[in-house]
Amino acid sequence: MKVGIGCDHGGIVLKNACIEALKELNIEYVDYGTYTEDSVDYPDYAEKVAKAVLGGEVDKGILLCGTGIGISIAANKFRGIRCAHITNVFSAKASSEHNNANIIAMGGRITTSEEAKEMVLAFFSTPYAGGRHQTRLDKITEIEKNYL
Ligand code: RB5
């Protein structure tokens, strides 16, 4: 398992917390930036990580911005990306178990580093359940084909 991680200036503190969690899990990662607190545009980092996931450079992604909202909206514009904006451990687990999310997004202005680490641990230790959930994901793929 290799994880791509990216953020804007509003998510940089959480990015470092997520990297610590990945290290604890012995999960390899690629850091796509940003690397400083200078203001940047979150769609640029959503694009880097979404392309890395879709291209197979990494298996899953983590995106961070101020709220997690903008960067998840941008990532979900890529066909095949299921980016889940998560705010607690329950949604972290469900985004893997039910939605087979290939990217999770969190917000540095609404989530603490400790909460983010717990969510990363929960997401990566919860398998996708398949079954009835796959029927629903297939319908999302149909929507992508028909409307994206
Ligand atoms: C940047 O100021 C902020 O808008 C961004 O990090 C994010 O919260 C957008 O959804």
Side-chain angles (χ1 to χ4, degrees), residues 1-130 133-134 136-137 139-141 143-144 148:
M1 165 77 73
K2 196 191 267 191
V3 172
I5 187 161
C7 67
D8 75 355
H9 51 287
I12 201 154
V13 172
L14 276 203
K15 186 182 75 173
N16 293 330
C18 291
I19 287 174
E20 277 180 38
L22 292 173
K23 284 181 179 167
E24 279 174 29
L25 290 166
N26 281 318
I27 293 178
E28 210 181 327
Y29 67 91
V30 182
D31 184 352
Y32 292 93
T34 187
Y35 307 106
T36 72
E37 291 192 1
D38 294 346
S39 182
V40 292
D41 298 327
Y42 57 80
D44 298 335
Y45 297 88
E47 182 178 2
K48 286 175 198 286
V49 172
K51 281 183 172 169
V53 171
L54 293 173
E57 198 177 310
V58 297
D59 303 295
K60 300 227 170 190
I62 302 176
L63 288 171
L64 302 316
C65 69
T67 58
I69 296 171
I71 208 157
S72 60
I73 291 172
N76 279 316
K77 297 300 177 192
F78 288 81
R79 197 183 281 210
I81 291 297
R82 292 178 303 281
C83 178
H85 177 224
I86 58 173
T87 53
N88 54 48
V89 166
F90 183 87
S91 58
K93 285 184 183 168
S95 70
S96 181
E97 190 177 318
H98 291 203
N99 311 115
N100 198 16
N102 46 15
I103 301 184
I104 50 171
M106 291 175 278
R109 294 178 187 144
I110 58 172
T111 291
T112 66
S113 292
E114 199 46 49
E115 288 166 340
K117 285 175 81 171
E118 284 173 13
M119 286 190 253
V120 168
L121 298 177
F123 177 72
F124 287 103
S125 58
T126 304
Y128 173 50
H133 302 295
Q134 189 56 46
R136 294 155 188 170
L137 296 192
K139 290 190 177 189
I140 293 174
T141 303
I143 290 171
E144 284 179 334
L148 256 194

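Under the 3.5 Å distance criterion, the side-chain polar atoms of H85 are matched with a main-chain donor or acceptor of T67. When atom types are taken as modelled, the side chain of D41 and the backbone of P43 share no donor-acceptor pair closer than 3.5 angstrom. At least one donor-acceptor pair closer than 3.5 Å links the side chain of S96 to the backbone N or O of T126. Side-chain atoms of Y32 do not come within 3.5 Å of backbone N or O of E47 as any donor-acceptor pair.
Interatomic distance, CG of N16 versus CG of L14, reported as 9.0 Å (0.5 Å rounding). Between atom CD1 of residue I5 and atom NZ of residue K60 there is a gap of 14.5 Å, rounded to the nearest 0.5 Å. How far CD1 of I110 is from SG of C65: 8.5 Å, rounded to the nearest 0.5 Å.
Other residues, nucleotides and ligands contribute more than 12 heavy atoms inside 6.0 Å of the CD atom of Q134. Counted within 6.0 Å of NZ on K51, heavy atoms from surrounding residues, nucleotides or ligands total 12 or fewer; the atom is thus considered open.
Of the residues listed (L137, T141, N99), the one engaging R82 in a side chain to side chain contact (heavy atoms under 4.5 Å, CB included) is L137, and it is the only one. Screening D31, D8, T34 for a side chain to side chain donor-acceptor pair (under 3.5 Å) involving K15 leaves a single residue, D31.
The aromatic rings of H98 and H133 lie parallel to each other, with less than 30° between the two planes, well short of the 60° mark.
Taking the side chain as every heavy atom from C-beta outward, L25 and M1 never approach each other to under 4.5 Å.
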